[in-house]
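All remarks here apply to the structure that follows.
Both counts, for ligands and for their atoms, begin at 1 and track the order of listing. Note that these values count all heavy atoms, side chains included, but never hydrogens, waters or copies made by symmetry.
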Amino acid sequence: MNRDFIAKHWYASVYEQFENQTYDVEFLLNVLKEQTDGAPQNILEAACGGGRICVPLAEAGHYVTGFDADEHMLLRCYRRMKGVKNIRCFSADATNSDWGTGFDVVVMAGNILINIESELDYAAAQVTFIKNAAKALRTSGHLYLDFDLHCDPAAFFNRLCESSYFSGTDDLGTSGRTVSYGSVYDPVTQICSGVSHWELTTNNGEQFILPTRWYKHIPTQTQVYDWLKDAGLTIERTYVNYSDEPIPEPITESTHRATIWARKE
Ligand SMILES: C[S@@+](CC[C@H](N)C(=O)[O-])C[C@H]1O[C@@H](n2cnc3c(N)ncnc32)[C@H](O)[C@@H]1O
């Protein structure tokens, strides 16, 4: 196995060990109950990762399709969906592939809007995700969008200090941790970037370090709402921090978890 395989396999595993909360999944299931007639929905999850969200949706009786660009994540999803009949998954890059059509609900959750990997300009990739979601919906179908909405990105992202976000051991016996040295936000481009590395030890004791760099475009509330409108999606309901409260307009506190339920016209 080469180092790239070992590192990506490890990351997919520790991502799931850490992102193992279920309240966002329960919240989504409750929104679906509240906003639809309770009948099983035909749902597409874009960037479904290891199936943390799409598999419970299928187990709750919905007809689910999921896709992701990362084969290591997807492999975990295939394992998790074993024995569940009403789900199928495929491998695709969301920015340059066909999402299908006619879905009742498209789910873009797990903060995918600011975790996109693509060759496109970041803001263009965000717009493409939203447009493709709208295209995949039937008329009067809904987009469920769940992401971190930052009111003051500079305060949140401008920090220089060492921290470790993920650590753990995968099923191949690779252990390690991610180490970040901080990030910087540019208020003109709205791009935030950071440097980090992964420190890994394979099951035969070989140690290696993988340098990583990341960058994201941090959209404003107005940008996201405009992108939805331009894609023909009308916001019907918003939720802040997985509560019944709507997202304040404009947002005032630094960071909110924003959940949006928007109908395709
Ligand atoms: C933060 S994870 C969220 C995964 C899953 N939705 C969850 O909440 O557990 C982001 C996922 O988006 C996928 N992703 C990022 N960019 C993508 C793209 N352009 N096309 C398809 N998947 C993408 C990654 O491979 C990763 O699995």
Protein contact to [atom] [nearest heavy atom, distance to 0.1 Å]:
atom	value
atom 3 (C) of ligand 1	Y15 OH, 3.3 Å
atom 9 (O) of ligand 1	R52 NE, 2.9 Å
atom 25 (O) of ligand 1	D68 OD1, 2.6 Å
atom 23 (C) of ligand 1	A47 CB, 4.0 Å
atom 20 (N) of ligand 1	A94 N, 2.8 Å

Inset, instruction - Assess whether atom OH of Y63 is packed by more than 12 heavy atoms of other residues, nucleotides or ligands within 6.0 Å. - result: no
Which atoms of ligand 1 sit under 4.0 Å from any heavy atom of [X]?
X	answer
D93	18 (C), 19 (N), 20 (N)
A92	20 (N), 21 (C)
M73	27 (O)
D70	25 (O)
N115	15 (C)
I53	8 (O)
I116	16 (N)
C48	5 (C)

Inset, instruction - Select the closest option to atom 14 (N) of ligand 1 among I112, D24, I114, V107, judged by heavy-atom distance. - result: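 Residue with the shortest heavy-atom distance to the ligand atom: I112.
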Inset, instruction - Compare E71, E117, E119 and give the one whose heavy atom is closest to atom 16 (N) of ligand 1. - result: E117
Let me confirm one number: the [atom1]-[atom2] distance from [X] to [Y], rounded to the nearest 0.5 Å.
X	Y	atom1	atom2	result
C77	K82	SG	NZ	14.0 Å
E59	I87	CD	CD1	8.5 Å
D104	K264	CG	NZ	12.0 Å
Y181	H197	OH	NE2	5.0 Å
S183	W214	OG	CH2	4.0 Å

Legend entry - Sub-6.0 Å ring centroid separation between H150 and F157: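 Yes, the ring centres sit under 6.0 Å apart.
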Inset, instruction - Could you tell me whether R237 sits above the aromatic face of Y239, with NZ or CZ closer than 6.0 angstrom to the six-membered ring centre and within 45 degrees of the axis? - result: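 Satisfied, under 6.0 Å and within 45°.
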Inset, instruction - Classify the ring geometry between F166 and F18 as parallel (under 30°), tilted (30 to 60°) or perpendicular (over 60°). - result: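 Judged by the thresholds at 30° and 60°, the geometry between F166 and F18 is tilted.
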Legend entry - W261 and Y144 aromatic ring geometry - parallel, tilted or perpendicular at 30°/60° bounds: perpendicular
Legend entry - Among Y78, F103, W99, ring-ring contact (aromatic ring centres under 6.0 Å, His included) partner for F67: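 The option that passes is W99.
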Would you say [X] has any N or O atom under 3.5 Å from an N or O of ligand 1, going by distance alone?
X	answer
A46	no
F67	no
A69	yes

Legend entry - Presence of salt bridge, E206 and R3, under 4.0 angstrom: yes
Inset, instruction - Say whether N241 and S243, considering side chains only, have a donor N or O and an acceptor N or O under 3.5 Å apart. - result: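 Not at all, the side chains of N241 and S243 share no donor-acceptor pair under 3.5 Å.
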Any non-hydrogen atom of [X] lying under 4.0 Å from ligand 1?
X	answer
S97	no
E45	yes
N111	no

